[in-house]
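First comes the structure, then the notes that go with it.
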Amino acid sequence: MALAIKADNLTKKFGSFTAVDSISFEIEEGKIVGFIGANGAGKSTTIKMLCGLTKPTSGLMQVAGFDVAAHPEKVRENIGYMSQKFSLYSDLTVRENIEFYGGVYGLSKSELKDRFTWVVEVADLRGRENLLTSDLPLGWRQRLALGCAVLHRPRIVFLDEPTSGVDPVVRDKFWQLIGQLSAEGATIIVTTHHLEEAEFCENIIMMHLGQIVVNGSPEGIRRQFSDLPLFEIETAQPLRLFNILEREPWISDAAIYGNNVHVYAETNAPDEALEAVLKRNSIAEFKIVKASPTLEDIFVKQTRAQGGKSRD
Ligand SMILES: Nc1ncnc2c1ncn2[C@@H]1O[C@H](COP(=O)(O)OP(=O)(O)OP(=O)(O)O)[C@@H](O)[C@H]1O
Ligand SMILES: [Mg+2]
């Protein structure tokens with residue numbers, strides 16, 4: 001499988017602060033890859049380096065087969081980038097924005113005509129071509145921004161938080177659009193805070209404090225962490241049990257879901273330890289079930305292992 005992206009020990013410092021800390025990863029051509037992480041994890045900085053928009057302090061990057069430092073213009077020809085901050089001109093109409101970006105990417109008249117129709121179609125903007133971009137709801141603007149970022153049919157598309165602030169229906173529509181680009185052969189790199197969006201990605205790279213804490217397919221990652229000591233305890237007294245378990249030093253996390261208490265029990269024989277606590281506290285009827293970790297459980301576990309929650 002050919003590689004769309006290869007990064008080796010990529011580092012970005014701002015003064016003495018390390019925003020991206022020697023990360024290495026590979027992205028195969030044609031994949032949909034999600035960078036997941038909390039505020040300040042280093043997602044945008046990584047993407048900007050890959051796009052040649054900011055120089056790394058050290059490390060190597062190949063994008064679309066080109067060394068980014070040596071051939072930034074070649075890289076630029078092959079990528080589309082939708083920035084986290086609004087990338088359209090709000091005082092231009094839909095039509096004017098598309099025409100503007102067509103000019104930026106040097107499309108011929110006939111190419112622009114063809115792509116104009118495509119963007120209007122996929123962004124669901126037919127009949128709205130002459131509206132001011134600032135008058136469009138956020139979801140439409142985001143799709144227009146994506147359309148403008150891929151007018152030149154780039155092989156690799158970087159989308160930085162494209163779904164932030166939109167409702168789930170709009171978000172799903174946006175992901176359909178991503179799926180469509182992927183079906184046409186593009187490699188998609190998308191950043192998000194939302195772990196549920198990780199399920200739409202073929203591979204996910206979880207970042208925390210400038211480092212990669214997990215990298216793999218959603219199923220592969222779940223398999224890798226399937227033995228996390230997570231348990232669901234069914235009881236008639238969930239609140240009481242929760243209060244009891246919270247006091248145990250080997251329980252690092254507990255949460256109530258209906259009649260269940262979910263716990264993360266870090267001890268040698270967690271099921272026995274749990275049973276002992278329940279009996280000691282005269283909780284008679286209970287059922288302990290080993291739970292499969294969700295991607296969120298895994299992310300929490302891995303970020304905790306790195307220390308701290310977020311830098312922002
Ligand atoms: N130009 C800059 N100068 C100084 N620090 C910066 C600069 N750009 C980013 N940072 C810092 O680097 C860290 C990583 O920022 P980055 O924007 O890459 O994170 P992110 O994962 O994209 O976060 P978010 O989810 O909030 O978009 C943050 O602590 C940020 O404050
Ligand atoms: Mg960001």
Side-chain angles (χ1 to χ4, degrees), residues 5 7-25 27 32-61 63 68-69 72 75 79-88 138-139 141-143 145-146 148-149 156-168 170-171 174-175 178 187-201 203-216 221 295-296 298-312:
I5 296 175
D8 274 324
N9 294 309
L10 201 53
T11 297
K12 178 73 181 182
K13 293 189 179 186
F14 295 106
S16 61
F17 175 75
T18 307
V20 174
D21 191 0
S22 193
I23 61 172
S24 301
F25 58 90
I27 293 176
I32 302 178
V33 178
F35 275 83
I36 317 268
N39 289 122
K43 307 179 296 294
S44 295
T45 307
T46 302
I47 290 213
K48 284 183 198 158
M49 287 192 281
L50 294 170
C51 292
L53 297 168
T54 184
K55 282 201 167 70
T57 309
S58 57
L60 292 173
M61 297 173 286
V63 173
V68 181
V75 169
I79 63 168
Y81 168 61
M82 179 177 160
S83 72
Q84 182 169 0
K85 300 239 166 67
F86 195 45
S87 56
L88 300 169
L138 180 62
R141 269 187 285 165
Q142 296 292 74
R143 274 180 290 167
L146 173 58
C148 288
I156 306 176
V157 182
F158 293 93
L159 307 171
D160 199 357
E161 307 250 358
T163 56
S164 122
V166 302
D167 65 49
V170 173
R171 191 187 69 190
F174 199 93
W175 274 96
I178 291 178
T187 307
I188 316 275
I189 292 94
V190 55
T191 74
T192 178
H193 286 167
H194 304 296
L195 274 154
E196 63 270 33
E197 287 187 323
E199 299 294 345
F200 303 138
C201 301
N203 276 309
I204 52 184
I205 296 179
M206 292 186 183
M207 284 190 76
H208 182 62
L209 304 179
Q211 297 184 343
I212 293 176
V213 291
V214 182
N215 181 354
I221 291 171
L295 290 174
E296 185 161 357
I298 294 164
F299 183 67
V300 169
K301 151 87 171 54
Q302 288 304 91
T303 54
R304 207 176 266 153
Q306 298 276 315
K309 274 204 142 178
S310 163
R311 291 182 291 205
D312 285 0

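Order of appearance sets the numbers: ligands from 1, and atoms from 1 within every ligand. Computed from a predicted structure; not experimentally measured. Because only heavy atoms are used, hydrogens play no part in the values below, and waters and symmetry mates are left out as well, while side chains stay in.
- Residue nearest to atom 23 (O) of ligand 1, selected from S44, G40, A38: G40 (by heavy-atom distance).
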Stepwise side-chain contact (heavy atoms from CB on, under 4.5 Å) test for I156 and I189: CA-CA 8 Å; I156 306 176; I189 292 94; 3.6 Å; yes
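- Geometrically, ligand 1 and K43 share a nitrogen or oxygen pair separated by less than 3.5 Å.
- For M207, no heavy-atom contact with ligand 1 is shorter than 4.0 Å.
- In this structure the side chain of N39 reaches within 4.5 angstrom of the side chain of H193, judged on heavy atoms.
- A side-chain hydrogen bond (donor to acceptor under 3.5 Å, both in side chains) with D160 is found for exactly one of T191, T46, T192, namely T191.
- Ligand 1 has E161 within reach: a non-hydrogen atom of the residue lies less than 4.0 Å from it.
- Taking the six-membered ring where tryptophan is involved, the planes of F25 and F35 are perpendicular, since the angle between them exceeds 60° and thus also 30°.
- Contact annotation: the side chain of T45 never approaches that of K48 to less than 4.5 Å [non-hydrogen atoms, C-beta and beyond].
- A heavy-atom distance below 4.5 Å is not found between the side chains of L209 and D21.
- Taking any N or O of G42, backbone or side chain, at least one lies under 3.5 Å from an N or O belonging to ligand 1.
- At under 3.5 Å, not a single nitrogen or oxygen of G37, backbone or side chain, sits near a nitrogen or oxygen of ligand 1.
- With ligand atoms numbered from 1 in the order given, ligand 1 contributes 19 (O), 20 (P), 21 (O) to contacts under 4.0 Å with heavy atoms of A41.
- Checking Q84 against the Mg ion (ligand 2), an N/O/S atom falls under the 2.8 Å cut-off.
- Atoms of ligand 1 lying under 4.0 Å from any heavy atom of F17, numbered from 1 in the order shown and given with element: 11 (C), 12 (O), 13 (C), 29 (O).
- Using a 4.5 Å heavy-atom cutoff, the side chains of I79 and F158 are in contact.
- Side-chain contact annotation: N9 with S22, donor-acceptor N/O pair under 3.5 Å present.
- T45 lies apart from the Mg ion (ligand 2) in this respect, since none of its N, O or S atoms is found at a distance under 2.8 Å.
- Each of the atoms 12 (O), 13 (C) of ligand 1 lies under 4.0 Å from some heavy atom of A19.
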